Amino acid sequence: MTLDPEVDLSKTYDAVIVGSGAAGGMAAHVLTSKGMKVLLLEAGKKLDIEQELRSMEWPYDNANRGFLPPDSHSLNFNEYTIRRPPYGPGFEKSKHLYSYIGSSDYTKNIVVDERENPYSGTNYAWVRARCLGGKTNIWGRLALRLSDYDFKAKDRDGYGENWPISYSDIAPYYDKVDLYLGITGVKENLDYLPDSIFQRPTKLNCAELTLKQGLQKMGRVLTQYRAGVTSDGLKHNKYRTRCYGRGACSRKGGCDIHAAFDSPTGLIYPAMDTGNLTLRPNSTVREVTVDPATGKASGVRFIDSQTMKDYRVKARVVIVAASTLESARLLLLSKSRQHPNGLANSSGHLGHNFCEHVMGPGITGRAKDLVGKPPTLDDGRPGGFYLTRFRNLKEKHPNFIRGYGFEGGSGSTMFPRGTDARGFGAAFKEEVRRNHGAYIEMGGFGEVLSRYENHVDLDPVVKDKWGIPALRFHYKFGDNERKMCEDMKETAKEMFEAAGFEILHVSDRMLTEGWSIHELGTARMGNDPKTSVLNQFEQSHDVKNLFVVDGSAFVNASCQNPTWTIMALCWRSCDYLAEEMKKGNL
Ligand SMILES: Cc1cc2nc3c(=O)[nH]c(=O)nc-3n(C[C@H](O)[C@H](O)[C@H](O)COP(=O)(O)OP(=O)(O)OC[C@H]3O[C@@H](n4cnc5c(N)ncnc54)[C@H](O)[C@@H]3O)c2cc1C
Ligand code: SF4
C-alpha cells in the first residue's frame, strides 16, 4: 500500500471521491473492486494514527494525564450555548480550540481546530475530523440497522416523507457490510431493529443483566452493544486484528489495533491494494466543476491544504462523501450558470430537511447488592448495552411521534463512572473502590424530526483558513424533541426503579444541537425531483454523474446510529453506479 500524492492531473479518472470517512472509504472499496480507476481526495492529513491513539499508554505516562496541553481548550456545553460563535472573544489565551470531543491528548490532532474552520448561525456543536478516515477514527462503534419503521415512517404517523427504498432493498447490503467489516452483537428478532450477521458478542455484566430482566417484565429490550468491531477477526483484511478487549475504546475513543472499524484500515488500504485507487490527502475540494455544454459534472477544483495551491482534476463521475454538512456546503459552493443555486439544487431542498439525534436526558443509579464486591474487568469490551426503542411501535404516544433508545453501561472501569462519593484521602479512595463497580448509567438518543426550515446555507462574510465561505446554521430542536426528552427522563426513572436500582441522578437537560454527531439529511433521497435532491441510488436528479453517498441522503434520522446505514446505502449506490457506467448511462 503506497501513498501517491502526485496525482496525474492530465488524466480523466473514472471517478473522483471527495472525503475518506465511512462513506468515501466505502465508495473507494466498492468501485475499485469493480476495476474502476478512482481518485480519493481528502482535505485532512494522513495521520500516524497509532501514534495519536496510543491505546496502551497509561494515564501516568502522559504529560497531561491524557488531557489537553495547557495551551489548548475544548469547548464545553455553556460555551456552545452562551458564546456566539463559540470560538469568539474570551478564548484569546488558548492557542488551539477544539470541539467538545477534542478534550484529550489522543484526539486533539484528529478533530479540527475550530478557529481554522469557523461556522456561524444558530447554536450547533459541530464535531469534525479532518484527517484520513474522518470521524471513523474515533466513532463510538454502535452499529445499528434501520427498519421499515424508519423507511416507511410516514405511513405510520403521516409525518414527513417515506424513503424511496424499503428494508428489503438495503438488507442484502447491510449483510455485505457486516461480513466485510465485522460486527458484534446478539440476535433479538425485533422487526423494528433488524439483526446483523454477528460475530462473537461481548458479555453483559451483573447490573446490566439485572436491568435487562427488569425490562423484560415491561416488554422492553436491552441487548449487548452492537459494535462495529471484529471480535473473531477478518481473514480477508490484513490491516485489522480481532478485539482483545483491552478496554481502550471508551478511554481514548479509538482502537489502534483496528478491531473497531475505521475507514483507512477497513476500506481504503485494501482498496489501494487493488492498484486502482489513488489517494491524495491535504486536498480540500472547493467546487464540483460542470461542463458548460452539458451541465454534467466534469471533475473538481481543490486546494492543497498545506501549500494553498489550486488544482483541477477531471473525472467521469463525481462522488461527494465529505459528511452531511460538508457535502451540502460543497454543493452550495458549486454554483454555475446551469446551477445558479448550487449544484443538484433545482428542488431548493439542498441544505434543508437537516436532522439528527437529540441527546441529554439520562440517569445514573447504583445496584446496591454490588457495593463492596470485588472489582471485575468491565471496560475490556467495546461497549456496554443498547436499550432499544419502545415508543410509537404498537401504541401511539399522545405527546410525540417517533422514538428513542438508550446507550449505557455499568461495572468496574479504569476511571470510575458516576461516582457520588465526596471527601478526600484514604477514606475517599475506599469509598470510590467499594462503589464503583455498582454504578450503572444510560443516556437517550431520540429522533429529531426532519423539517424543511432546519437548514444550512453559506455565510456571506465568514470564511475558513482556505478562504472558502463557511457554513451558516438555521437549526433548532422543536416541540416534538422537547416532549420526547421529557418522556426519556420519566422512562429512564421508571426502568431503573423496575430493576431495583438506587437512583442517584436524573438529567433532564437537552444537550446542544449537534451533540450526537449524527448529522443527516441535507440532500435527501426521494422519487420526486421537486422535493428531493437525490434518487434512491443517491444519484442527483439534476446531474446524472453526481452521487452524494453520505448521511446527506437520509430522509429522516430514525433513532438508530447512522454509520452502518450510510455504508450499506453507499455500497448499493456504487453497485448501481458501476452498472450504469458499463451501460454508458453516466
Ligand atoms: C466521538 C464520535 C462518536 C460517534 N459514535 C457513533 C456511533 O456509535 N455510531 C454511529 O453510527 N456513528 C457514530 N459517530 C458518527 C460517525 O463517525 C459518522 O456517522 C461517520 O463517520 C460518517 O461518515 P462520513 O464519511 O459521512 O463522514 P466523516 O467520517 O466525517 O468523513 C468525511 C471526510 O471528508 C473530509 N472532507 C470534508 N470536507 C472535504 C472537502 N471539502 N474536500 C475533501 N475532503 C473533505 C473530511 O476531512 C473527512 O475525512 C460518531 C462520531 C464521533 C466523532
Ligand atoms: S476493546 Fe477491542 S475494539 Fe475497543 S479498543 Fe480494545 S481492542 Fe479495540
Side-chain angles (χ1 to χ4, degrees), residues 17-27 40-45 53 55-56 99-102 107 110-112 117 127-144 182 184 202 225-231 240-264 267 280-288 300 302-303 305 320-327 329-330 333 356-357 379-383 386 407 445 464 466 468 516-520 548-553 560-567 570:
I17 302 171
V18 183
S20 68
M26 183 53 82
L40 176 55
L41 296 177
E42 164 54 51
K45 296 192 204 67
L53 296 171
S55 300
M56 298 314 285
S99 70
Y100 80 94
I101 284 294
T107 51
I110 296 173
V111 297
V112 300
N117 296 273
V127 174
R128 291 153 291 169
R130 277 207 170 190
C131 57
L132 186 70
K135 297 192 290 279
T136 65
N137 289 299
I138 47 169
W139 73 307
R141 310 159 300 281
L142 185 58
L144 302 173
T184 73
T202 54
Y225 202 77
R226 293 182 172 179
V229 166
T230 173
S231 48
R240 299 183 60 196
T241 304
R242 74 176 174 80
C243 172
Y244 291 119
R246 304 169 308 159
C249 276
S250 55
R251 194 155 54 92
K252 305 283 172 58
C255 176
D256 60 8
I257 59 166
H258 313 291
F261 159 72
D262 57 66
S263 174
L267 298 165
R280 193 180 195 283
N282 297 314
S283 307
T284 303
V285 177
R286 63 182 313 167
E287 184 186 349
V288 178
V300 299
F302 65 94
I303 307 175
S305 316
V320 177
S323 77
T324 298
L325 292 165
E326 289 289 6
S327 291
R329 180 179 175 208
L330 177 60
L333 283 164
E356 55 157 346
H357 297 148
D379 55 6
R381 54 185 184 160
Y386 185 65
E407 293 178 29
F445 282 72
D464 67 14
W466 298 269
I468 305 174
S516 66
I517 327 178
H518 292 164
E519 57 273 11
L520 299 162
V548 187
V549 295
D550 54 30
S552 326
Q560 285 95 279
N561 307 37
T563 307
W564 231 240
T565 304
I566 291 174
M567 291 194 286
C570 175

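A quick note: this is a predicted structure, and the numbers were derived from the prediction, not measured. Count residues from 1 along the sequence. Whatever order the structure lists ligands and atoms in, that order sets their numbers, starting from 1. Heavy-atom basis, side chains included; hydrogens, waters and symmetry copies ignored.
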Give a yes or no on whether His258 keeps an N, O or S atom under 2.8 Å from atom 8 (Fe) of ligand 2.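 It does not: His258 brings no N, O or S atom closer than 2.8 Å to atom 8 (Fe) of ligand 2.
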Atoms of ligand 1 less than 4.0 Å from Thr284 heavy atoms? 42 (N)
Quick test: of every protein heavy atom, which one is nearest to atom 8 (Fe) of ligand 2, and how far off is it to 0.1 Å?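 Result: Cys255 SG, 2.3 Å.
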Do the non-hydrogen side-chain atoms of Ile101 and Lys135 ever get within less than 4.5 Å of each other? no
Only residue of Leu41, Thr284, Val300 satisfying side chain to side chain contact (heavy atoms under 4.5 Å, CB included) with Val18 is Val300
So is Leu330 close enough to ligand 1, meaning a heavy atom under 4.0 angstrom away? no
To which protein heavy atom is atom 2 (Fe) of ligand 2 closest, and what is the distance rounded to 0.1 Å?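 Looking at atom 2 (Fe) of ligand 2, the protein heavy atom closest to it is Cys243 SG, 2.3 Å.
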Does some side-chain heavy atom of Ser231 sit less than 4.5 Å from a side-chain heavy atom of Thr202?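 Not in contact.
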Option with minimal heavy-atom separation from atom 32 (C) of ligand 1, where the choices are Gly19, Ala322, Ala129, Ala143: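 Selected option, by shortest heavy-atom distance: Ala322.
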Atom 3 (S) of ligand 2: which protein heavy atom is closest, and how many Å away?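 Checking every protein heavy atom, the shortest distance to atom 3 (S) of ligand 2 gives Cys249 SG, 3.5 Å.
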For Val127, is at least one N or O under 3.5 Å away from an N or O on ligand 1?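 No - when backbone and side-chain N and O of Val127 are compared with those of ligand 1, no distance drops under 3.5 Å.
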In the protein, which heavy atom is nearest to atom 41 (N) of ligand 1, and how far is it? Val285 O, 2.9 Å
If you compare all heavy atoms of Val229 against all heavy atoms of Pro382, which two are closest, and at what distance to 0.1 Å?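 Heavy-atom minimum between the residues: CG2-CB, 3.8 Å.
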What's the separation between atom CZ in Arg141 and atom CG in Asp262, rounded to the nearest 0.5 Å?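 Reported value, rounded in 0.5 Å steps: 11.5 Å.
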Heavy-atom side-chain proximity of Phe261 to Ser263 below 4.5 angstrom: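 Yes. Closest side-chain heavy atoms under 4.5 Å.
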Strictly distance-based, threshold 3.5 Å: is any side-chain N or O of Ser20 a donor or acceptor partner for the main-chain N or O of Gly133?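 Yes, the answer is positive, given that a donor and an acceptor are paired below the 3.5 Å cut-off.
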Kindly indicate whether the side chain of Lys45, heavy atoms from C-beta on, has any atom under 4.5 Å from the side chain of Asn282. yes
Show the atoms of ligand 1 that are less than 4.0 angstrom away from any heavy atom in Ile101.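 Those atoms are 1 (C).
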Are any non-hydrogen side-chain atoms of Trp564 and Arg226 less than 4.5 angstrom apart? no
Which atoms from ligand 2 have a heavy atom of Ile257 less than 4.0 Å away? 7 (S)
Are any of the N/O atoms on Gly140, whether in the backbone or the side chain, positioned under 3.5 angstrom from an N/O atom of ligand 1? yes
From the candidates Lys135, Lys45, Arg130, the one that places a heavy atom nearest atom 30 (O) of ligand 1: Lys135
Hey, is ligand 1 close enough to Leu142 that some N/O pair sits below 3.5 Å? yes
Quick one: are Asn117 and Arg130 in side-chain contact, heavy atoms under 4.5 Å? yes
Just to confirm my output: which protein heavy-atom neighbour is closest to atom 15 (C) of ligand 1, and how far is it?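 Here the closest protein heavy atom is Ile517 O, 3.5 Å.
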Within the 4.0 Å heavy-atom shell around Arg141, which atoms of ligand 1 are there?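 Answer for ligand 1: 7 (C), 8 (O).
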Below 4.0 Å, non-hydrogen atoms only: which portion of Asp256 touches ligand 2? Side chain, backbone, both or neither.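 It is neither part, as no heavy atom is under 4.0 Å.
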Any N/O of Thr563 closer than 3.5 Å to an N/O of ligand 1?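 N/O-N/O distance under 3.5 Å: yes.
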N or O contact, Ile138 vs ligand 1, cut-off under 3.5 Å: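 No.
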With atoms numbered from 1 as shown, which atoms in ligand 1 lie under 4.0 angstrom from a non-hydrogen atom of Ala23?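 Near Ala23, the atoms of ligand 1 are 25 (O).
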Check each atom of ligand 2 against the heavy atoms of Tyr244 and keep those under 4.0 Å away; list them by number with element.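 Here the atoms of ligand 2 in question are 7 (S).
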Cys131 touching ligand 1 at heavy-atom level, < 4.0 angstrom: yes
Considering heavy atoms of the protein only, find what lies nearest to atom 6 (Fe) of ligand 2 and give residue, atom and distance to 0.1 Å.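 Of the protein heavy atoms, Arg246 N, 3.4 Å lies nearest.
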Return yes or no for this condition: an N or O of Thr324 is under 3.5 Å from an N or O of ligand 1. no
Look at atom 13 (C) of ligand 1 and say which protein heavy atom is nearest, naming residue and atom and giving the distance to 0.1 Å. His518 NE2, 3.5 Å
Hey, could you give me the CZ/OG1 distance between Arg240 and Thr230, rounded to the nearest 0.5 Å? 6.0 Å
So between Gly24, Ser323, Ala43, Ser283, whose heavy atom ends up nearest atom 44 (N) of ligand 1?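 It is Ala43 that holds the nearest heavy atom.
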The closest protein heavy-atom partner of atom 46 (C) of ligand 1 is Glu42 OE2, 3.5 Å
Taking the side chain as everything from C-beta on, heavy atoms only, tell me whether Ile303 gets closer than 4.5 Å to Ile468. yes
Rounded to the nearest 0.5 angstrom, the CD1-OG1 distance for Ile138 and Thr107 is 6.0 Å
Go through ligand 1 atom by atom and flag the ones less than 4.0 Å from a non-hydrogen atom of Ala22. 23 (O), 24 (P), 25 (O), 29 (O)
For Leu41, counting its heavy atoms only, list the atoms of ligand 1 lying under 4.0 Å from any of them. 43 (C), 44 (N)
Check each atom of ligand 1 against the heavy atoms of Ser20 and keep those under 4.0 Å away; list them by number with element. 33 (C), 34 (O), 49 (O)
Interatomic distance, Arg242 atom CZ to Thr184 atom OG1 [nearest 0.5 angstrom]: 13.5 Å
Output the list of atoms in ligand 1 that are nearer than 4.0 Å to some heavy atom of Asp550, sorted by atom number. 26 (O)
Drop me the distance from Ser552's OG to Leu330's CG, to the nearest 0.5 angstrom. 10.0 Å
Looking only at protein heavy atoms, which one is nearest to atom 31 (O) of ligand 1, and what is the separation?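 Protein heavy atom at minimum distance: Gly21 CA, 3.3 Å.
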From Glu42 atom CD to Phe302 atom CZ, the distance as rounded to the nearest 0.5 Å: 12.5 Å
Charged N to carboxylate O below 4.0 Å: is that the case for Arg286 and Asp464? no
Can you see which heavy atom on Thr136 is nearest to which on Pro264, and at what distance?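 Minimum heavy-atom separation between Thr136 and Pro264: OG1-CD, 4.2 Å.
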With a 4.5 Å limit on heavy-atom distance, are the side chains of Pro281 and Leu132 in contact?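 Pro281 vs Leu132: side chains apart.
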What is the closest protein heavy atom to atom 22 (C) of ligand 1, and at what distance does it sit?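 Of every protein heavy atom, Ile566 CD1, 4.0 Å lies nearest to atom 22 (C) of ligand 1.
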